[in-house]
Structures are given as structure tokens and as C-alpha cells.
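All figures in this text were calculated on a predicted structure; none of them were measured in a lab. So that the names make sense, note that chain A is the first sequence line, chain B the second, and so on, each numbered from 1.
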Protein chains: 2
Amino acid sequence: MSVSIKDIARISGVSTATVSRALSDPERVSEKARKAVMEAVQTHGYRVNSHARSLRRQRADAVLAVVPHLGNPFFSTILSGVEFELQQAGVDLLVADSRASDRGGRSVFAHLHASRVDGLICLDGNLPACAQQELSQPDVAERVVFACEWMPDANFPSVRSDNRAGGRLAVEHLLELGHRDFVFMAGPRENILTAERLAGVQEAMVKAGLSLPDDRIKGQDFTLEEGFAAAEWLAALSPRPTAVVCASDQIAIGLMAGLAQQGLSVPNDVSVVGFDDIAIAAYANPSLTTIRQDRIGLGRSAARMLLARIDGTAPEHKGLCTLPVTLMKRASTGAVPA
Amino acid sequence: MSVSIKDIARISGVSTATVSRALSDPERVSEKARKAVMEAVQTHGYRVNSHARSLRRQRADAVLAVVPHLGNPFFSTILSGVEFELQQAGVDLLVADSRASDRGGRSVFAHLHASRVDGLICLDGNLPACAQQELSQPDVAERVVFACEWMPDANFPSVRSDNRAGGRLAVEHLLELGHRDFVFMAGPRENILTAERLAGVQEAMVKAGLSLPDDRIKGQDFTLEEGFAAAEWLAALSPRPTAVVCASDQIAIGLMAGLAQQGLSVPNDVSVVGFDDIAIAAYANPSLTTIRQDRIGLGRSAARMLLARIDGTAPEHKGLCTLPVTLMKRASTGAVPA
DNA sequence: CTGAAAGCGCTTACAG
DNA sequence: CTGAAAGCGCTTACAG
């Protein structure tokens, strides 16, 4: 057993109430009492028991981040932003994998009901229907913020990148280089990011008097494998499209590896644009032109938004925060082949 | 306020003790009582308050993972393995960034003292001295497991890859290809992984009658930037070494990007070996020969080891678990240039 | 099988 | 400024 507030009270010759006050609001206590308490705390290494405090205060000082797949490095940077803000606020970060937890049968959101956490940051926009329903209960809904992805049918507060603008920027860049014949490498079709980025691509094409036929939309995952697999298909098209906009950098890097294997040169035969600007994008061969998302900012903003909701300090908050994206011009895009 | 055990007791016409038993040990309760309780629980959406339970049981059912830098995608896969095991055991995962938390001045290990978590998985082998001391206190030490990295001076239970064998495998592969003149791209010099991998490299070289002079050890970080920066140096060496063993895939990929810029071909001019086998390694251009670590396995094993320590079910546990590594032969290594 | 009661370790009105 | 006391929501010997 470790030392408790009773021990400290006894040792420093005051009541537990005074110990509690000395620790959480030192101003409210005489200097003498404060010193006695602080010394006892120091020498005996006392720490407030977090469960007792949380139980009494009815506040967990903790937040849960729900991630579609923890193993996907894309999310760790967002989590890093979340952690940064929470840590500043003295709030703990719990992490759960939304897919893994489904296996166990126990809902990720049990934590919220169990008062284990004060709120939820959800990075998964494709929750199963039952989870969506749980989330929508009034006492739950007010403690949830979506980051990166979101659920289009619901209306939760959300922090996201301007995915549509990203799609547009990619196409506009390629149009400037003279490209007219595009392919869009999609992520999962039901994923909102896929939809938004594709919408941006189409907007920019329409504006240029072009259109993107269905058979120029390929792929169904954000993965390296999916990009790699598409290279063979692309190489066999005739006439061959000269530019590919990918819904993720992973797809783009996989695609470039596949194209190299097909004997096609990037950007001489095909230009490739990614999405995300993961760290490795700048070091790909060729370096990858891509749409930069501010993933740290996504995480930080979501954490701040949630904290404000929990405190009730931002009831007038917009509930929607859209972060700008940037085109990073690199070596994977070039003039349309002659 | 949400519904409490008292409410369920009243509604189902039994005592709180019976509700508690019905929930945590249904066998111990009559079928009639069990049914009444379960129904009330269902219809009112009752969940046990985790703080009350933890306070009473003196167990948090949660574990803290301390990561050197959450933003580094390398760790997310390990965390994913940790989460998988914990989730199966019904234990929560808290995550903290060891560097970020130092900033706040509050020790990461405060959680342990505050009973907030039952144990700690530490992925950071280079903790500041004060943290090391905290960790070494007997009541803390028995609840700590190191994963991936470790502290050579202390003697905590630890799960790690066979880094030394990895270094050896890399060199042996290159020796077979005819290489004799090596460079080792190191991580941080005080990092134990750097030391072990380098030791393996040297062992294999010595065995082949070679040695690695100090001026053939370059770099001080596991990053892309560090690898990229080394390319210029390498290109200027005369005679130029023909093979580079890198302490991480990130270094290797950065280096390959730099070498391309220097007009050098991998593997025709220089062979490159990485370490880790991150997902992108297979899709680098050229695809990266590397030493595969089982990062999921690292995380899972560490979680299991910690859980066993907490339960006290494995007092005779070895306390050291070394996972094998594998050489992944790909396109970045080839015969020594004529 | 069941209930009354104590107690886990705090915090916070309430009095003084 | 301080203390006695109630109570946060559970679990678990202890009796029956």
C-alpha cells in the first residue's frame, strides 16, 4: 500500500481537508500548514489517488482516441498532436483501435459510459451502425469530436483538412503541366475522404471542360499494395492516361514502385500526385508531389475543441474546423509526354 | 448523472451486493436475481463506474505506454501489438510521449504512483537520470517492462529484437556479394539499438578478417534527413565504400534519395541495407534490402509479460525475451562493382 | 444464495 | 483558515 492522504494529514498535523486544499489550491491555506503538508508530501512521495479523485470530482481527466487502425502510421502523427494538447491540459490520453475492439465484442464507447474518460476523439468515420447509434445518445454526443475523418450523416463537431481543395489543387497543378487524361486512385469507396478528394478532382476537371469517367477511378484502399497493383492495369491502358491523382501517399508510392516494374518512368511517362505529405514523400524516388495535410494541427485542434466542450467553455464553438492543405511540388510530376 | 448500481438494485428488487455479483460473477447468483439484474442493466444502459471499481479493487485495469516520440511511425506498430493484447485482457492503454511530458515538468511515472495504471511499458531506453531513479524504486520497478529499447545499466524485464544478429546478417549478406569496404550509418550514439547493431556489424566483419574504422561510422539519428545528408559525404570518399549498413530503414531511404541526387546508383555503385522492414521498404525504389523486426510481436510480448507481472502469474519469468530478426533480400543490394 | 455494512481515498459544502 | 462529516459508486468479507 502506498501513502494516502490520511497519512499525510497525520504526519503534518492537519486534517485531510487541509491536505487536499494545500495540494489543489495552496492559496486557501496558511503558509504554515502549506509548508508542513508540502514537506510530508515530498518526503513520503505522496500522490493523489486518481480514482478517488475522479470518483469524487466526477471527472476522469482523460480522453479516449479511437483509431481505425493503430498500426497505420498515418494516425500516429495526429495522435501526437492530440497528446501534445492533452498533456498541456493535464489530461490523459487513452487509445483504442476501433476495429480490434469490435472483435472483443465490447464497445469502445463503454469507456464513456463507465466515466472512464470525459470525452472521445474519433478518427474513424466508418463506424458500424450500432456504434453510430451509441454515439448519438445525447449524453454521449456532446462529448465527441471527430478528427480527420467524420460521419457525413451525423452532425458531430469535427476537425478536418480541406480535402476537396486538395483534390482541386492536384488537378490544377497537372492541368498547368498540360495533362488532360487523368486517373484517380481512390481509397475505400465508402470513406468520406475518398469522396471529398474525388469531388475536388472532378470539380477542377469540370471547370477545365473535362470529365472523369468511372473507368478512370481505380482502387479501394489507401494502401501501398493497392497502388502497386494498379500499375499493371494502368500500363495496359491505351491510350495511357498521363497523370494519376492518388488519395494517399501510400497509394502513390506503391503505384510508383509498380510503374517502375512496368518499365514506365515517373514523371516522364506518367505524373503522380499523392495526398498527405507523409515524411517519406520527400525522399521517395522520384520525390513525390503531394497535398500536404497538417496532421499535427488536426490532432491539436481536435483536442482543443473537445477540451472546450468538456469544460463547457466554448458552447458557441462552430463545431467545424477545416484546415487548409498545400500543394507540395516535387519530382513526380512533370510536363505531359510529347 | 447516469444510472448507478443503487438504481439497478432498486429496479430489480435486490441489494447492490447482488447486482455487483450478478455482473462480475453470474454463477454466484440465483437465476431469478440474475435475470432481473441483467434486464435492468440492459434497459437502463448501466455500466460499472470504473473509478469506483478501481478504487475499491485497488486495480486500475490500465497500462501506460511511454513512447520516445509518438509522431514517429515506427512506434505505432509496436503500440498496435500492445493494444491487441491489452484489449483481449480487458485492460486499457494509456499513451504518453516521454519527451513531451518532460516539458510539462510532471513525470510520466506519476501515473504509476497515482494508481492510475497498474504498470508501464517503456519504449524509451534513454530516460533522463531522474526518471531512471524513479523507475528503480522497488514498488515501481516490479511493474515495468521495456519493449524494443532498454536501459543497459538497469535490469528491467525487457522484450527486444536480436539487434546484434541483425547487424551480423546484414554484413554476412554483403560479404557474400563480395563487399569488403563498409560504412555503418548509426542512430544516436547513446542509443542501445545503435550500439547493438553496430556490435553485430563489427562481429561479422572481424570474423571475415575485416574491421570497421571509426571514420566509417557516420550519422547520429534514425531519421531520413540524417541518411540524406550522408550521401554527399559518401560520394566524396575515395576509394568509395561499396556497401552501407543503416541502423534504420528511414536512414536507408534518406540515403538512397541522397545518392540518387549525387548521381550514384543503388545497387550498382553502392549497396544499401536498412533495419526494421517498415511497410514502405518493399516499395522503395529500389526496394530496400533490410533486417526485419517483428514489431507487432515486440508489442504483444511486452504486453503479455507486463500483464503476467501484474497478476503475479509469472514470477519465474525469464524477464528477457529476444525476438529473432530476418534478412529481407531485395533490390538495394547487389554484387560489388567491378 | 443474499443483504447490511464497512471501506477504498479523495473533495467539498457546511460550520465555526 | 480549518476540521468533522458526508458522500462519490463500487466490492467484499461477514453473517445469516
Side-chain angles (χ1 to χ4, degrees), chain A residues 1-38 40-41 44-62 90 110-118 139, chain B residues 1-38 40-41 44-62 90 110-118 139:
Chain A
M1 297 298 96
S2 58
V3 36
S4 84
I5 195 172
K6 274 189 186 171
D7 301 316
I8 300 300
R10 187 167 25 76
I11 292 161
S12 50
V14 299
S15 69
T16 58
T18 297
V19 174
S20 179
R21 289 186 199 109
L23 257 26
S24 57
D25 191 3
E27 311 287 290
R28 278 252 253 281
V29 151
S30 70
E31 198 186 322
K32 192 182 160 192
R34 200 188 317 144
K35 280 202 166 174
V37 169
M38 290 314 188
V41 166
H44 293 79
Y46 169 71
R47 316 273 171 132
V48 175
N49 179 299
S50 80
H51 304 298
R53 168 176 278 179
S54 290
L55 177 58
R56 181 55 229 245
R57 287 195 177 165
Q58 302 284 75
R59 184 152 44 82
D61 288 324
H111 288 299
L112 252 190
H113 293 127
S115 309
R116 183 132 205 170
V117 296
D118 300 317
D139 56 325
Chain B
M1 299 299 97
S2 59
V3 36
S4 82
I5 196 173
K6 275 188 185 172
D7 301 316
I8 300 300
R10 187 169 23 79
I11 292 162
S12 51
V14 299
S15 71
T16 59
T18 297
V19 175
S20 178
R21 289 187 198 106
L23 256 27
S24 56
D25 192 3
E27 310 288 290
R28 277 253 251 282
V29 151
S30 70
E31 197 187 324
K32 191 181 159 193
R34 199 188 319 143
K35 280 201 168 177
V37 169
M38 292 312 188
V41 166
H44 293 79
Y46 169 71
R47 317 272 171 135
V48 175
N49 179 299
S50 80
H51 303 298
R53 168 175 278 179
S54 291
L55 177 59
R56 182 55 229 246
R57 287 195 176 163
Q58 302 285 76
R59 185 152 44 82
D61 287 325
H111 288 300
L112 252 190
H113 294 126
S115 309
R116 184 131 203 170
V117 295
D118 300 317
D139 57 325

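Minimum atom distance to the side chain of B:Thr16 is reached by D:dT11, of the listed C:dT11, D:dT11, D:dT2. Side chain of A:Ile5, nearest nucleotide from C:dT11, C:dA4, D:dT11: C:dT11. When each of C:dG9, D:dC10, C:dG3 is scored by its nearest atom to the side-chain atoms of B:Ser4, the top-ranked nucleotide is D:dC10.
Checking the phosphate oxygens (OP1, OP2) of C:dT11, a side-chain nitrogen or oxygen of A:Arg53 falls inside 4.0 Å. When the side-chain nitrogen and oxygen atoms of B:Gln58 are compared with OP1 and OP2 of C:dG7, none of them lie within a distance under 4.0 Å. B:Ser115 has no side-chain polar atom (N or O) that falls below the 4.0 Å cut-off from OP1 or OP2 of C:dG9. A:Ser15 has no side-chain polar atom (N or O) that falls below the 4.0 Å cut-off from OP1 or OP2 of D:dT2. Proximity of B:Ser20 to the phosphate of D:dC10: no side-chain N or O atom is located under 4.0 Å from OP1 or OP2. In this model, the phosphate group of C:dT2 is approached by a side-chain N or O of B:Ser30 to a distance below 4.0 Å at OP1 or OP2.
Across D:dC1 and D:dA5, the matching P atoms stand 23 Å from one another, rounded to whole Å. Separating the P atom of D:dG9 from that of D:dA13 is a span of 23 Å, rounded to the nearest Å. Separation of the C1' atoms belonging to C:dG16 and C:dT12 is 16 Å when rounded to the nearest angstrom.
Across all strands shown, C:dC14 pairs with D:dG3; the Watson-Crick or G-U wobble distances both stay below 3.5 Å.
Nearer to the 5' terminus of DNA chain C, by closest-nucleotide assignment, is the contact made by B:Ala33 (compared with the other of A:Arg56 and B:Ala33).
Looking at heavy atoms from C-beta onward, A:Ser4 lies out of side-chain contact with A:Asn49 at the 4.5 angstrom threshold.
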